[in-house]
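By convention here, the first residue in the shown sequence is residue 1. First listed ligand is number 1; within each ligand, the first listed atom is number 1.
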Amino acid sequence: MTEQEKFLVEGIRTRLESVLPTEKFVPLHEPYFVGNEQKYVDECIQTGWVSSVGKFVDRFENDLAEYAGVKRAVAVANGTSALHISLVAINVKPDDEILAPALTFIATANAVAYCGAVPHFVDSAYNTLGLDPKKLDDYLADISEMRGGVCYNRVTGRRIYAVIPMHTFGHSIDNDALAAVAEKYNLIIVEDCAESIGSRYKGVHTGNFGRLAALSFNGNKTITTGGGGAVLTNDEALGKFIKHLTTQAKIPHRWEFSHDHVGYNYRMPNINAALGCAQLEQLDGFIACKRALADRYKNLFDGLDGVKFFVEPSFDTSNYWLNALMLEPEHAHLRDDLLTELNGHNIMSRPAWNLMYTLPMYADCPRMNCDAAEDISRRLVNIPSSVSLIEGR
Ligand SMILES: *Cc1c(COP(=O)(O)O)cnc(C)c1O
């Protein structure tokens with residue numbers, strides 16, 4: 001490293017040290033339990049209602065739907081199963097192509113593969129880090145054709161059936177722009193909202209822009225149920241069908257075991273939902289902390305040349321699930337030095353995910369030119385984002 005490069009890498013580290021409790025290792029995102037978690041979990045244990053039915057499951061589903069402003073929420077085992085069941089419910093067929101960002105967590109692509117379908121990768125937009133609707137529009141104009149109202153890939157001959165935008169690190173994509181593309185090519189939108197609970201696009205909660213949306217309550221997400229997820233929808237019939245599919249498609253009856261579909265055991269246990277109810281009560285407070293932390297980071301890095309703190313797009317009120325620094329293009333080669341420097345000084349940091357088509361399972365999948373996603377993934381570094389970093393100090 002040159003002197004100037006060292007100055008940048010160490011400058012980032014010392015700035016972070018000035019606001020983080022680095023006496024101990026500072027993780028990227030840790031859960032925060034200061035509400036009714038203990039009380040509600042104790043209630044499950046005392047009453048014996050710990051498993052797949054119980055009042056906390058019902059309550060969590062109602063509270064979630066109300067919070068997100070959707071008609072129905074179905075609590076499930078995790079975010080990955082929420083994505084999978086959403087694709088099953090809209091009838092994704094083997095060999096369908098499903099558009100998905102190249103820059104995402106693996107679960108987005110895996111859910112497509114579980115259906116025997118083929119992920120088709122889309123480039124990212126610099127202002128959101130999520131799927132770029134404008135590029136997608138131009139690309140589809142080029143490679144697809146409409147036959148009887150159905151979009152086909154002219155190169156592979158397969159049906160292009162749906163698109164899964166993902167709201168990266170909590171920042172909403174441009175939903176209006178994607179809606180226009182989806183309408184033009186008759187694509188169903190399934191939102192991957194695993195990272196965006198509480199994030200609003202033009203004031204409306206993410207998850208209202210697709211036919212279905214998947215949430216995750218994994219331990220590293222904004223709120224957690226230990227492990228868990230949910231499907232959101234404004235289509236009540238579809239919501240009811242998803243609840244049925246996730247409960248082994250069992251026809252309710254007092255003693256008889258009868259099933260009318262290949263169902264799944266994707267239920268969220270009551271004891272996890274109890275945690276979820278308590279966490280949801282605190283979500284607005286968590287988001288206030290996370291936005292305050294993001295603001296602090298933004299000010300901290302405003303005066304340092306060579307790096308920028310990633311700020312929410314103008315149409316978005318983000319939950320800032322994971323904060324991100326972007327090295328300027330001329331410093332992209334310093335990313336791994338920066339990761340070494342920060343992780344070596346008790347500041348957990350990590351790069352963006354490897355792009356999906358660089359992984360062996362998805363290397364042969366169709367994709368557009370993903371220059372922006374490649375550039376972003378070379379320059380991006382996530383930094384500590386826990387609620388406790390504001391609240392606990
Ligand atoms: C966390 C996450 C998921 C999966 O959630 P799990 O609950 O871990 O299964 C899916 N997509 C994205 C983008 C995620 O960040």
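- Atoms of ligand 1 lying under 4.0 Å from any heavy atom of Asn78, numbered from 1 in the order shown and given with element: 7 (O), 9 (O).
- Considering backbone and side-chain atoms alike, Asp192 places an N or O below 3.5 Å from some N or O of ligand 1.
- Listed by atom number, the atoms of ligand 1 under 4.0 Å from Met166 heavy atoms are 13 (C).
- The residues Glu256 and Arg254 are annotated as not salt-bridged, no charged nitrogen and carboxylate oxygen being separated by less than 4.0 angstrom.
- Partner Arg296 forms a side chain to side chain contact (heavy atoms under 4.5 Å, CB included) with one of Ile390, Leu389, Asn323 and no other, that one being Ile390.
- Considering backbone and side-chain N/O atoms, Lys221 comes within less than 3.5 Å of an N/O atom of ligand 1.
- From the protein, the heavy atom lying nearest to atom 5 (O) of ligand 1 is Ser216 OG, 3.2 Å.
- The aromatic rings of Tyr201 and Phe209 stand perpendicular to each other, their planes meeting at an angle above 60°, with 30° marking the opposite boundary.
- At least one cation-pi condition fails for Arg72 and Phe241: the charged atom is not both under 6.0 angstrom from the six-membered ring centre and inside a 45 degree cone around its axis.
- In this structure, Lys221 satisfies the cation-pi test against Trp321, with its NZ or CZ atom closer than 6.0 Å to the six-membered ring centre and inside 45 degrees of the ring normal.
- Nearest protein heavy-atom contact of atom 12 (C) of ligand 1 is Ala194 CB, 3.4 Å.
- In terms of polar-atom proximity, defined here as any N/O pair under 3.5 Å, Glu195 does make such a contact with ligand 1.
- Scanning the protein for heavy atoms near atom 4 (C) of ligand 1, the closest one is Thr80 OG1, 3.6 Å.
- Closest to atom 6 (P) of ligand 1 by heavy atom, among Gly130, Ala230, Gly79, Gly219, is Gly79.
- A cation-pi arrangement is absent between Arg159 and Tyr152 under the rule of less than 6.0 angstrom and at most 45 degrees off the ring axis.
- Using a 4.0 Å cut-off between a side-chain N of Lys or Arg and a carboxylate O of Asp or Glu, Asp302 and Lys308 do not qualify as a salt bridge.
- Below 4.0 Å from some heavy atom of Gly228 lie the following atoms of ligand 1, by number and element: 7 (O).
- Judged by a 6.0 Å distance limit and a 45° cone about the ring axis, Lys250 is positioned over the six-membered ring of Phe257.
- Taking a 4.0 Å cut-off on heavy atoms, Ala82 fails to register as neighbouring ligand 1.
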